[in-house]
Amino acid sequence: MSAREGRALGLCAAVLACGLAAALFLGLPAEGAAPGVQGRVLWSIRVPEALAALLAGGALGLSGLIFQLILRNGLADPYVLGVAGGATFGAVLAVLLLGAAPLGVLVSATAVAAFAGGLLT
């Protein structure tokens, strides 16, 4: 890695850290709030939200990178390849046939059908 790439990577990491810190600490209760509320809000709401956003964004970026590496095309994305359309078709099919039936506490039939439609495409 060249020095220029290292500086760019360091800058990106610093921006990401600042964004994560801002996501954690924005919206905390006012100074007059009951004791302990700020800590509970921070650790039970803000931290999980920020980590989920970080995980989702990283997964989306990684999936785009994998598409581009496999196809050796910098313009490859799920819309050009039809994967997004296949996932949409699977989701619509599930809604029409099953409604919004939950498969469990965290997973719905629509999400599973969308994933399967994307994989089949």
Results of side-chain contact (heavy atoms from CB on, under 4.5 Å) for Ala116 - residues two or more places apart only: none
Distance in Å, Leu98 CG paired with Thr110 OG1, rounded so as to fall on 0.5 Å steps: 7.5 Å
When the side chains of residues 54-66 are checked against the rest of the protein, which donor-acceptor pairs come out under 3.5 Å, sequence neighbours left out?
| from | atom 1 | to | atom 2 | distance (Å) |
| --- | --- | --- | --- | --- |
| Ser63 | OG | Ala59 | O | 3.4 |
| Ser63 | OG | Leu60 | O | 2.8 |

Under 3.5 Å: donor-acceptor pair, side chain of Gln68, backbone of Gly74: yes
side-chain contact (heavy atoms from CB on, under 4.5 Å) partners of Arg72, counting only residues at least two apart: none
ILVMFWY network linking Phe115 to Val92, side-chain heavy atoms under 4.5 angstrom: no
Nearest non-hydrogen partners of Leu71 and Ala76, listed with the distance: CD1-CB, 3.8 Å
Nearest non-hydrogen partners of Pro48 and Trp43, listed with the distance: CD-O, 3.5 Å
Residue pair Ala94 / Ala113: nearest heavy atoms and the distance that separates them: CB-CB, 3.4 Å
From Phe67 atom CZ to Leu75 atom CG, the distance as rounded to the nearest 0.5 Å: 14.0 Å
